[in-house]
> 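My questions will all concern the structure given below.
All values derive from a computational prediction rather than experimental measurement. Note on naming: letters A, B, ... go to the chains in the order of the sequence lines (proteins, then strands), and numbering restarts at 1 for each one.
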2 protein chains.
Amino acid sequence: MPNDLDTVFAALADPTRRTILAMLLEDDMAVTDVAEPFEMSLAAISKHLVILTKAGLISQEKRGRVKWCKLEPDALRAASVWMQGFGQFEPVNLDAFERFLEVELPSDEA
Amino acid sequence: MPNDLDTVFAALADPTRRTILAMLLEDDMAVTDVAEPFEMSLAAISKHLVILTKAGLISQEKRGRVKWCKLEPDALRAASVWMQGFGQFEPVNLDAFERFLEVELPSDEA
DNA sequence: ACAAAGATCAACCAAAAGGTTGAATATGCG
DNA sequence: CGCATATTCAACCTTTTGGTTGATCTTTGT
């Protein structure tokens, strides 16, 4: 529901949150597992996940005592349209994107 | 030079700054003229322009006593690639972009 | 020379961001 | 039941952000 540009861009401005998104690109994850590679408290990661959820970039579903996080890439569409309006960039450059993932993902990437 | 994703997304997270970018899409502008439609001090706008400059999103060139601001859309490329990596969105939707401009631009749009 | 215009600087302020720790709340398991 | 696990809450702290105002500096026009 909340998919305002302010919120989305602000959520994307933090490297921890971008890394989390990249991790969720591979698979849905539980909060504890999302937190594992980071050198910060679980509570801090929990807050980051709230921010991502409010931006609509992920969704969280509780099953049992585990809360699963799922990427919601559609939330990026509006922001993507906004940005492309300025640049007329090449459609999709997956090579460049994978270079980002290598840099931004925690080293244990599979 | 500085074109780091943190800086670019943070710069885009503020509605005043996005509006400024949209204004500069039409034409280069002097700082005073950029500030005119906003209900905030010139100093505040000057700071916003510094942030946009540090993000590489605009450049500023002083000619005489006037400092001209110019959009630098290339700075958006990296961020755009990053975002598209998630979504595989439709290439460019100019209609959607112009809808943004109508919402975000100060009403005196020409 | 002087005054006005264009823009930034410096000091300040309130609110938001990003983190910590320790307690609380559910849920699952033996 | 009773304990461990999964996650959040609450209070707190520090730094950053976004704004203000008044002084300053440079350039232009008369």
Side-chain angles (χ1 to χ4, degrees), chain A residues 2 4-24 27-71 79 104 106, chain B residues 2 4-24 27-71 79 104 106:
Chain A
D4 164 71
L5 286 183
D6 282 25
T7 315
V8 170
F9 281 131
L12 296 179
D14 184 279
T16 299
R17 289 192 291 264
R18 284 199 310 278
T19 304
I20 291 173
L21 292 178
M23 289 163 63
L24 292 177
D27 218 339
D28 297 0
M29 295 177 82
V31 173
T32 304
D33 296 329
V34 169
E36 196 272 330
F38 296 98
E39 290 186 340
M40 85 180 61
S41 70
L42 185 60
I45 295 294
S46 179
K47 284 189 191 178
H48 280 302
L49 292 171
V50 168
I51 291 171
L52 289 170
T53 302
K54 286 192 175 154
L57 291 166
I58 68 169
S59 59
Q60 293 185 284
E61 184 198 355
K62 191 168 182 181
R63 284 206 297 273
R65 61 184 163 179
V66 173
K67 204 163 186 178
W68 293 91
C69 305
K70 182 184 188 320
L71 191 63
E104 293 212 49
Chain B
D4 165 71
L5 286 182
D6 283 24
T7 316
V8 170
F9 282 130
L12 296 179
D14 184 276
T16 300
R17 288 192 291 264
R18 284 198 311 277
T19 304
I20 291 173
L21 293 178
M23 289 163 64
L24 292 177
D27 217 340
D28 298 359
M29 295 178 81
V31 173
T32 304
D33 295 330
V34 169
E36 196 273 330
F38 296 97
E39 289 186 338
M40 84 180 61
S41 69
L42 183 60
I45 295 294
S46 180
K47 284 189 190 177
H48 280 302
L49 293 172
V50 168
I51 290 170
L52 289 170
T53 302
K54 285 190 177 155
L57 292 165
I58 67 169
S59 59
Q60 294 185 286
E61 183 199 357
K62 193 168 181 182
R63 284 205 298 273
R65 61 182 165 182
V66 174
K67 202 164 187 179
W68 292 92
C69 304
K70 183 184 188 323
L71 189 64
E104 294 214 49

> Quick one: what's the B/S/- string for nucleotides 12-25 of chain D, heavy-atom cutoff under 4.0 Å, read 5' to 3'?
------SBBB----
> Please identify each residue that fulfils side chain to side chain donor-acceptor pair (under 3.5 Å) with Thr32(A), with sequence neighbours left out.
none
> For residues 38-48 of chain A, which side-chain donor-acceptor pairs fall under 3.5 Å, sequence neighbours excluded?
unit_1	atom_1	unit_2	atom_2	d
Ser41(A)	OG	Ala44(A)	N	3.1
His48(A)	ND1	Arg17(A)	NH1	3.1

> Would you mind telling me which of Leu71(B), Thr7(B), Leu12(B) makes a side chain to side chain contact (heavy atoms under 4.5 Å, CB included) with Leu57(B)?
Leu12(B)
> Take atom CD1 of Ile45(A) and atom C1' of dA6(D), then tell me their distance rounded to the nearest Å.
15 Å
> Whole angstroms only, please: what is the NZ-C1' distance between Lys67(B) and dA5(C)?
16 Å
> Under the side-chain contact (heavy atoms from CB on, under 4.5 Å) rule, collect the residues that match up with Val66(B), sequence neighbours excluded.
Ala30(B), Trp68(B)
> Check the distance between dC9(D)'s P and Leu49(A)'s CG and give it to me in whole angstrom.
12 Å
> At less than 4.0 Å, is any side-chain N or O atom of Ser46(A) found next to OP1 or OP2 of dT7(D)? Yes or no.
no
> Show the nearest heavy-atom pair for residues Cys69(B) and Leu24(B), with the distance to one decimal.
O-CD2, 3.6 Å
> Between dT8(C) atom P and Lys54(B) atom NZ, what is the distance in whole Å?
12 Å
> Rounding to a whole Å, what distance do you find between Leu52(B):CG and dA7(C):C1'?
16 Å
> Going by side-chain contact (heavy atoms from CB on, under 4.5 Å), name the residues that satisfy it together with Ala10(B), two or more places apart in sequence or in a different chain.
Ala13(A)
> What is the per-nucleotide protein-contact pattern of nucleotides 23-29 of chain C, from the 5' end, where B denotes a base atom under 4.0 Å from a protein heavy atom, S denotes such proximity for sugar-phosphate atoms only, and - denotes neither?
----BS-
> Whole angstroms only, please: what is the CD-C1' distance between Glu61(A) and dA6(D)?
15 Å
